[in-house]
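Here's the structure we're looking at; comments come further down.
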Amino acid sequence: MKNIYFYLALGFLILFTSCLKDIDEISKIKGVTVTPTMALPLINAEANLGDLVKKGNNDKAQIEADSNSLLYVLFNKKDSLPEKQYFTFPVFGINMDIPMLPTAITDFVNTGFYTASIDTVISLGINTGERIERVLVKEGSISFTVGSNFQHDVTFKVEYPGITKNGIPLTDSFTFIYSGTPPANITRTLNIKGYEIDYTNNGFTYNVFPFKAKMDISRKAPNGVNLTDKVSFSQNLSINSYSRMEGYFGKFIISAIKQINVLSIFDKKVDGSVSIFDPRLEINVVNSFGLPITAKISSIYAETSTGSILPVTINFLKDTFSLEYTSSIGQTRTTKYIIDKTNSNIDQIINSAPKKFIYEVTFYANYHEIIQANVLYDYTSVKQDASLVLPFDIKVLDYAIETDGEFDFTSSIADMDSSEFTVNWAEVESKITNEMPMAANIQIYLEDSVSNMVLDSLFYPDYILPGANVDVNGEPVQPVIALINNKIGEARISNFRKANKYRMVVKLNSGKFNNVISFGKFYDFQKIRARIGVRVNATYSSDN
């Protein structure tokens, strides 16, 4: 009967692959000695250039792929100037005394009635080059103080032909009834929200304020008129904010936006170096101003880890760019500006491995001071979407990327540690695939995750794979595949059992063309793949 069990066991082992449950079933067969060799999976790892940024631990950078799947590192930052009033409107006041003409006094006594009219245009007194034409008031008021010392009844009316709402001019009137003593002054404030103010005198000029007034006096006999009798009038127009403002507002600085990008991809604490073939700074500006805006790069430089400054050379007079501007309410315009190796030395600066890349853009209104139509809105703003783009058309030297994961060799052979099992040998079988267009030095470390101690490694020394074959676009045509077998003895098996983490380190080196290190392109589908398994040979023996 034992022979029957023996042959059954042998037949089972022929079909055996990697399931320890089946070994447990064999252990129940008594009086059998067998020496099976079993294949057990250990590691399934991948690494790609996305780890360049992950290794730098910089959440400001991200790996993206363009429409052709070419990888690039993107440092993106968005800034918006606050929506605010970029023009502060001065308080406009009128002060006047209106007497009765001396030549009219006799006629007034005879007729008992006097009328005087004022129709004038008053200058705003702006001498700085601005030309105010129209304002749609968002928040504002006009206040009056009117008094009369005539010993007669007075009605004083004001009209503002340039202050209208729904086409109707703003008017007001003040009545003073004389009853033996001069009446008190009248003080009043009107809300002018929603009114439009025209400072052009019906389109003929700018910075002026049309004003009309009429004074009617009814005599109270027997009182006369003194030469000092008058109506005193004062007015203050305050515009706290506008919904729209038209004119020409001169040259002024709107604001400046400063960007600081931390380039962890070049951190010198990471092994090796990387060079970018065509780095570029792309600035996209969304403008809702209704006037010419010029963005001027006021400073651009890199900073090393020691604090040294590396200036980017650009033509500061030339490297200004005018923004498209709006012509009606609700519009925005977008302008793009690019700094690259064709108009600067940004490639040299970026490839010197700086720690930070810093630039500042200052935004000017009417930079060239050409008098032309300007429009400002209450929502006026500049929004900047700036990107430092580093395409992975690169060359690298000993640049290290890595990936890690859990490692559990113990569970694979734990059931063989009984007195009935003897592990004879183990052989690590590795299949390494290189899809990247450069040589890769590969090492897999086995570590204790608590102490971070390296307990063993798979290769002695690092295993070197040539770069994958690529076409003219740098896309892989055929990956390089290596099959590696390493036998490990009893001492190393002990190390494998202690380890609970693996860390795969890949050092990349660009290829050479005519002994010159060449640039190579990287795509989002290119990876280093490692499939690691172990073949374990153990003897099971039982006399029971």
Side-chain angles (χ1 to χ4, degrees), residues 49-64 66 70-79 255-285 295-321 335-363 384-401 508 510 517-522:
L49 286 184
D51 294 312
L52 285 172
V53 175
K54 294 176 184 176
K55 193 174 183 69
N57 192 27
N58 179 15
D59 59 1
K60 300 297 183 183
Q62 52 191 335
I63 298 289
E64 301 284 352
D66 64 16
L70 179 67
L71 291 173
Y72 60 92
V73 182
L74 178 67
F75 297 86
N76 183 262
K77 190 171 183 180
K78 298 182 179 181
D79 279 300
S255 188
I257 294 178
K258 187 175 185 178
Q259 303 277 15
I260 301 176
N261 295 310
V262 179
L263 306 182
S264 60
I265 184 175
F266 299 113
D267 195 331
K268 283 300 186 181
K269 293 181 290 186
V270 179
D271 290 339
S273 63
V274 58
S275 299
I276 312 295
F277 179 67
D278 188 20
R280 60 188 182 273
L281 176 63
E282 297 181 355
I283 302 175
N284 290 286
V285 182
K296 182 177 177 61
I297 298 174
S298 51
S299 65
I300 178 170
Y301 59 94
E303 183 179 313
T304 68
S305 57
T306 60
S308 298
I309 301 301
L310 306 174
V312 176
T313 302
I314 61 173
N315 187 331
F316 282 96
L317 295 177
K318 178 183 176 183
D319 284 303
T320 59
F321 52 103
T335 304
K336 173 178 281 190
Y337 187 73
I338 297 176
I339 294 177
D340 58 19
K341 63 182 181 182
T342 67
N343 56 18
S344 73
N345 65 337
I346 189 173
D347 56 329
Q348 300 173 31
I349 298 301
I350 289 294
N351 290 329
S352 65
K355 181 72 174 178
K356 296 179 181 179
F357 185 80
I358 303 166
Y359 67 94
E360 186 170 7
V361 180
T362 302
F363 296 93
Q384 177 179 269
D385 183 353
S387 302
L388 180 63
V389 183
L390 308 179
F392 272 171
D393 188 352
I394 64 177
K395 58 183 177 182
V396 301
L397 177 64
D398 285 337
Y399 203 97
I401 62 176
L508 300 172
S510 297
I517 298 177
S518 59
F519 285 90
K521 295 181 179 180
F522 287 82

Residue set satisfying side-chain hydrogen bond (donor to acceptor under 3.5 Å, both in side chains) with E282, at least two apart, ordered chain then number -> R280
Is the number of heavy atoms from other residues, nucleotides or ligands under 6.0 Å of K341 NZ greater than 12? yes
Can you see which heavy atom on S298 is nearest to which on T362, and at what distance? OG-OG1, 3.2 Å
What one should report as the nearest heavy-atom pair of I349 and P311 is CD1-O, 3.5 Å
Measuring from D347:CG to I339:CD1, what's the distance to the nearest 0.5 Å? 12.5 Å
Given side-chain contact (heavy atoms from CB on, under 4.5 Å), test E303 with I309 step by step and report yes or no. CA-CA 5 Å; E303 183 179 313; I309 301 301; 4.2 Å; yes
Sorted by chain and residue number, the side-chain hydrogen bond (donor to acceptor under 3.5 Å, both in side chains) partners of S344 (sequence neighbours excluded) come out as none
As a quick check of understanding, evaluate side-chain contact (heavy atoms from CB on, under 4.5 Å) for I300 and L281, giving each step before the final call. CA-CA 10 Å; I300 178 170; L281 176 63; 4.1 Å; yes
Starting at CG of D340, measure out to CD1 of I350 and round the result to the nearest 0.5 Å. 12.0 Å
Distance from I283 atom CD1 to K336 atom NZ, nearest 0.5 Å? 11.5 Å
Heavy-atom closest pair, residues I297 and I314: CG2-CD1, 3.8 Å
Does the side-chain contact (heavy atoms from CB on, under 4.5 Å) test come out yes or no for N351 and I276, once each step is laid out? CA-CA 6 Å; N351 290 329; I276 312 295; 3.7 Å; yes
Would you sort out whether V312 and Y359 count as a side-chain contact (heavy atoms from CB on, under 4.5 Å), showing the intermediate values? CA-CA 9 Å; V312 176; Y359 67 94; over 6 Å; no
Partners of T306 by side chain to side chain contact (heavy atoms under 4.5 Å, CB included), sequence neighbours excluded? T304, S308
